[in-house]
K.L.:
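Here it is: the structure, laid out below.
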Amino acid sequence: MSQDNSGVVVDRAKSQWSDLWKKEDYWAIWIGFFILAVGLYCVFSGKDDLAAKNAPYVAVMKAEQEKTSAFKTIEWYEASAASKAVQAVKLPAVKNLLAFLKTPARWQSSPLEALVLSKAEADKRNEAVRPAIEKAKAAEASALETARTAQAAASGAMFKDEALNKTAADAIAAWQKAKGETGKAKKKEVKPFNLIPTLIGTGIVLGLLCTVGAIFMGFNAVKFFLAFQGVFWLCVLANLLGNQVTMRKYGLNAEIWGIILGMLVANTVGTPKWLKYGAQVEYYIKIGLVLLGATVLFHKIMAIGIPGIFVAWVVTPIVLVCTYIFGQKVLKIPSKTLNITISADMSVCGTSAAIATAAACRAKKEELTVSLGLSMVFTAIMMVVMPLVIRALNMPEVLGGAWIGGTVDATGAVAAAGAFVGPKAMQVAATVKMIQNVLIGVTAFCVAVYFSTKVEAQAGEKVGAMEIWHRFPKFVLGFLAASIFFSWLSSGLGSDMARILVDNGTNKVAGSLRGWFFVLAFISIGLTTNFRELAKYFKGGKPVILYVCGQSFNIVLTLLMAWIMFYKVFPEITAKI
Amino acid sequence: MWAMNATMSRGMSVTRKIFQLFCWSVGLWAFFAIVTPWLYDRSPAWQRYYHVQEENDLHSGAVYYCDVPVTLESELHVRESVREGMKAWQNRRHGTNATHNAEK
């Protein structure tokens with residue numbers, strides 16, 4: 001290996017059987033799998049009950065669809081809403097588990113608001129929103145009454161009168177809109193909570209889990225556990241800052257605050273030696289990635305049909321490869337790992353893709369930080385500018401949504417920018433981004449193979465299968481195994497049960513824990529990063545030029561592909577969205 | 001004497017580091033609590049953008065699709081639209097082929 005190993009996101013050594021219990025790659029897999037097994041057990045223990053609960057609603061929806069194809073009836077919508085409310089997260093075991101893993105809540109002026117909400121305060125807030133809820137409920141009831149009358153008229157004509165059918169469909173749509181408004185008003189209701197005991201519990205449980213692995217890897221158990229607690233409480237602080245209302249406005253999440261807080265400590269008072277012991281970047285990142293694997297569901301790629309595949313799965317790899325080649329051949333970026341991490345971050349889906357790619361290619365933690373910093377800055381600009389451009393050009397919502405979904409990095413920013421354009425744009429943008437999210441698995445695997453076989457090999461050296469195995473970052477296998485298993489499980493369940501058990505069950509458990517581990521990793525990155533080290537990566541502005549050129553190419557190609565697919569090849573799909 | 005100097009310089013260094021931390025914290029606070037709200041108040045686009053986030057319960061910093069609740073709802077809607085759209089697309093293709101064959 002030609003590169004220096006210090007500070008890389010993934011380590012490497014010759015493979016031995018003892019690696020299975022001595023190496024963090026494997027411990028990330030074991031811990032990740034253990035967490036997923038617990039999640040699976042909690043969710044699937046209630047499978048039969050949930051299926052029985054959902055069956056009558058599905059039967060009603062089917063019967064209503066058979067009754068008429070002219071429009072969806074009120075009964076269909078009611079059954080659909082009831083079916084959507086059947087979720088594994090409402091099972092007591094899963095509910096308790098998720099409550100245990102909760103991060104600090106949203107807050108405005110005092111951080112205490114994020115940790116504790118008394119009953120009196122909750123009642124006071126609910127009292128303030130009650131008039132709005134009552135008003136929305138009254139509007140909904142009135143809209144429902146109108147819809148019932150219109151539906152009865154259409155039904156009286158055996159659903160054969162076009163005009164009556166249209167009146168009924170419009171009245172039902174108006175009722176659905178009013179119902180949505182009630183839902184939005186109800187979301188403002190709050191329940192009292194006290195997160196301090198659960199946060200202490202989460203810190204202890206996660207600490208114990210990581211300490212088990214740390215003991216086998218040769219760490220001192222007590223020292224590691226105590227250091228973990230220090231890192232964990234910094235992580236709580238990052239979550240607190242990330243959930244502050246103003247910070248949410250700017251799209252600054254807990255991950256970014258993790259790096260900022262860590263670097264603030266490291267570059268001013270200095271990271272205490274005892275705390276550094278728990279700042280194990282690679283360990284936390286790999287556990288987080290194995291958990292992420294469980295939510296990378298391959299069957300999701302067909303969510304928006306062939307146009308979505310072209311926008312997200314054809315354009316993205318082209319942009320990724322072209323940007324990488326541009327960085328190497330034109331800009332001559334010295335670090336290939338920095339080059340590929342920025343390229344993946346920019347072309348795939350921001351933070352999550354950057355983490356997976358950095359870990360797969362053994363990028364240095366500073367390179368990951370540079371990549372995330374660039375992504376954050378450009379996302380903040382693009383999420384505001386792109387909707388303005390779309391509106392100024394009077395671009396159709398579906399095209400605008402697909403364009404945003406394929407180009408803006410951060411997943412949350414995509415949905416928000418799409419919503420800025422309109423509801424259709426938000427749906428298309430969020431779905432295109434979801435398909436792109438699934439590309440993380442393929443990207444990480446391909447990057448790991450490419451770096452193991454090509455980049456790390458000496459010039460002219462022929463790399464054998466065993467050598468590739470030695471070099472291959474093993475946690476990627478855990479990540480892929482989790483992804484394949486959960487994709488198989490989810491597609492085998494059928495769409496309804498997959499939504500109930502996977503999307504609203506295992507995904508939530510894996511997602512919560514993945515969030516904790518990623519922030520732990522970012523705090524650790526910050527705690528071990530030197531400002532001066534970071535500055536050298538910006539020398540000559542090459543990373544910025546790479547990002548700007550790659551993103552410009554992405555913007556043009558995505559728009560072109562979206563226009564061809566949604567307006568030239570499949571206009572029928574666009575018309576139905 | 002030398003030991004006393006070393007202790008004093010260590011004390012100075014610790015004070016300097018704490019002062020640095022304080023300055024950075026104040027700088028960050030000023031940036032996020034004074035500068036950005038000032039910019040926010042002067043940017044209608046930013047204000048509109050924030051209201052949209054609030055209305056749809058979105059967090060633009062969300063890392064993955066599972067963290068964006070609206071994605072699941074969107075997926076269901078879009079899947080249904082695509083199913084219906086594909087039926088229409090196939091009808092158009094078959095219709096075109098049928099016309100083409102008839103012309104032949």
Side-chain angles (χ1 to χ4, degrees), chain A residues 184 187 242 246-256 260 264-265 267-270 292 295 300 303-305 349-352 379 383-384 387-388 410-413 415-417 419-420 426-428 430-431 433-434 437 499 503-504 507-508 510-511 514-515 518 570 572-577, chain B residues 13-14 16-25 27-28 32-33 36-37 39-40 43 45-93:
Chain A
K184 274 181 194 170
K187 266 186 189 164
T246 315
M247 296 306 137
R248 286 172 70 99
K249 266 185 212 174
Y250 312 143
L252 281 175
N253 56 20
E255 282 81 359
I256 298 292
I260 295 175
L264 199 62
V265 172
N267 292 277
T268 53
V269 288
L292 182 79
T295 56
K300 298 257 182 204
I304 198 163
C349 53
T351 308
S352 43
T379 298
M383 70 188 189
V384 177
L388 293 177
T411 307
F420 197 154
M426 179 179 72
Q427 289 183 340
V428 174
T431 315
K433 200 65 194 173
M434 181 188 72
N437 280 175
R499 176 181 50 76
D503 292 334
N504 286 305
N507 270 8
K508 301 282 177 190
R514 183 248 305 144
F518 276 0
F570 297 101
E572 292 85 356
I573 290 180
T574 312
K576 296 282 178 188
I577 291 173
Chain B
S13 162
V14 170
R16 207 179 68 187
K17 283 175 176 176
I18 292 172
F19 182 68
Q20 266 185 339
L21 177 63
F22 174 77
C23 287
W24 271 101
S25 305
L28 278 172
F32 289 115
T36 41
L39 287 171
Y40 176 81
S43 166
W46 202 349
Q47 287 167 22
R48 168 94 186 99
Y49 183 79
Y50 176 62
H51 287 304
V52 166
Q53 282 191 64
E54 282 296 289
E55 271 174 28
N56 294 284
D57 195 23
L58 298 167
H59 181 5
S60 55
V63 168
Y64 200 60
Y65 79 91
C66 302
D67 311 328
V68 185
V70 82
T71 306
L72 192 55
E73 194 77 9
S74 304
E75 187 199 344
L76 291 175
H77 175 81
V78 169
R79 265 187 198 278
E80 209 180 308
S81 309
V82 168
R83 248 196 310 271
E84 287 173 21
M86 281 308 281
K87 271 185 208 160
W89 180 74
Q90 275 162 355
N91 287 342
R92 176 170 64 107
R93 277 190 65 204

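Values in this document were obtained by computation on a predicted structure and should not be read as measured data.
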K.L.:
B:Leu21, B:Leu58, B:Val68: which one forms the most heavy-atom pairs within less than 4.5 Å of chain A?
P.N.:
B:Leu21
K.L.:
Can you tell which of A:Gly511, A:Ser352, A:Gly305 has the highest number of heavy-atom pairs within less than 4.5 Å of chain B?
P.N.:
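Option with the greatest count: A:Ser352.
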K.L.:
At what distance, to the nearest 0.5 angstrom, does CG of B:Leu72 lie from OG1 of A:Thr431?
P.N.:
10.0 Å
K.L.:
Please rank A:Arg514, A:Met247, A:Lys184 by heavy-atom pairs under 4.5 Å with chain B and give me the top one.
P.N.:
A:Arg514
K.L.:
Between atom CD1 of B:Ile18 and atom OG1 of A:Thr268, what is the distance when rounded to the nearest 0.5 Å?
P.N.:
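It is 9.5 Å, given to the nearest 0.5 Å.
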K.L.:
First locate atom CZ of A:Phe420, then atom OH of B:Tyr50, and finally report the distance between them rounded to the nearest 0.5 Å.
P.N.:
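Rounded to the nearest 0.5 Å, the CZ-OH separation comes to 14.5 Å.
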K.L.:
Are any of the side-chain heavy atoms of A:Glu572 and B:Met86 separated by less than 4.5 Å?
P.N.:
no
K.L.:
Which of the residues B:Ser43, B:Ala33, B:Cys66 is involved in the greatest number of heavy-atom pairs with chain A at under 4.5 angstrom?
P.N.:
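Of the candidates given, the most pairs with chain A belong to B:Cys66.
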K.L.:
Considering non-hydrogen atoms only, spot the tightest contact between B:Tyr64 and A:Thr411 and give its length.
P.N.:
C-CG2, 3.7 Å
K.L.:
Out of B:Arg79, B:Lys87, B:Gln20, return the one with the most heavy atom pairs under 4.5 angstrom to chain A.
P.N.:
B:Arg79
K.L.:
Can you name the side chain to side chain donor-acceptor pair (under 3.5 Å) partners of B:Ser25, sequence neighbours left out?
P.N.:
none
K.L.:
Can you give me the closest heavy-atom contact between A:Ala413 and B:Tyr49, atom names plus distance?
P.N.:
O-OH, 3.7 Å
K.L.:
If I take atom NZ from residue A:Lys187 and atom CD from residue B:Glu54, how far apart are they, to the nearest 0.5 angstrom?
P.N.:
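The distance works out to 11.5 Å.
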K.L.:
Which residues pass the side chain to side chain donor-acceptor pair (under 3.5 Å) test with B:His77, not counting sequence neighbours?
P.N.:
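For B:His77 the side chain to side chain donor-acceptor pair (under 3.5 Å) partners, ignoring immediate neighbours, are A:Gln427.
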K.L.:
So which residue, A:Gly412, A:Cys349, A:Gly270, A:Gly242, ends up with the most heavy-atom pairs under 4.5 Å with chain B?
P.N.:
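Answer, by heavy-atom pair count under 4.5 Å with chain B: A:Gly412.
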K.L.:
Need one label for B:Phe19: side chain, backbone, both or neither, based on atoms under 4.5 Å from any heavy atom in chain A.
P.N.:
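Contact with chain A: none, neither part.
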K.L.:
When rounded to the nearest 0.5 angstrom, what distance separates CD1 in A:Ile260 from CH2 in B:Trp24?
P.N.:
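Interatomic distance, A:Ile260 CD1 to B:Trp24 CH2, rounded to 0.5 Å: 10.0 Å.
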K.L.:
Tell me, out of A:Met426, A:Lys433, A:Glu255, A:Arg499, who's got the most heavy-atom pairs with chain B below 4.5 Å.
P.N.:
A:Met426
K.L.:
Are the side chain of B:Tyr65 and the backbone N or O of A:Thr295 linked by a donor-acceptor pair below 3.5 Å?
P.N.:
yes
K.L.:
Out of A:Leu252, A:Thr246, A:Val384, return the one with the most heavy atom pairs under 4.5 angstrom to chain B.
P.N.:
A:Leu252
K.L.:
Say you draw a straight line from CD of B:Glu75 to NZ of A:Lys300; how long is it, rounded to the nearest 0.5 Å?
P.N.:
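One finds 3.5 Å between CD of B:Glu75 and NZ of A:Lys300.
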K.L.:
For the candidates B:Arg83, B:His59, B:Gln53, which exhibits the highest count of non-hydrogen atom pairs separated by less than 4.5 Å from chain A?
P.N.:
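So the answer, after comparing B:Arg83, B:His59, B:Gln53, is B:His59.
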K.L.:
For a 4.5 angstrom cut-off between non-hydrogen side-chain atoms, does A:Met383 reach B:Ser60?
P.N.:
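Yes. Closest side-chain heavy atoms under 4.5 Å.
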K.L.:
Of all heavy-atom pairs between B:Val82 and A:Ala303, which one has the smallest distance, and what is that distance?
P.N.:
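Here B:Val82 and A:Ala303 meet closest at CG2-O, 4.0 Å.
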K.L.:
Check whether any side-chain N or O of A:Thr351 sits under 3.5 Å from a backbone N or O of B:Val63 as a donor-acceptor pair, and report yes or no.
P.N.:
no
K.L.:
Decide yes or no on salt bridge (charged side-chain N to carboxylate O under 4.0 Å, His left out) for A:Lys508 and B:Asp67, but give the supporting numbers first.
P.N.:
CA-CA 8 Å; A:Lys508 301 282 177 190; B:Asp67 311 328; over 6 Å; no
K.L.:
I'd like to know which of A:Leu292, A:Asn267, A:Val265, A:Thr574 tops the heavy-atom pair count under 4.5 Å against chain B.
P.N.:
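Most heavy-atom pairs under 4.5 Å with chain B: A:Leu292.
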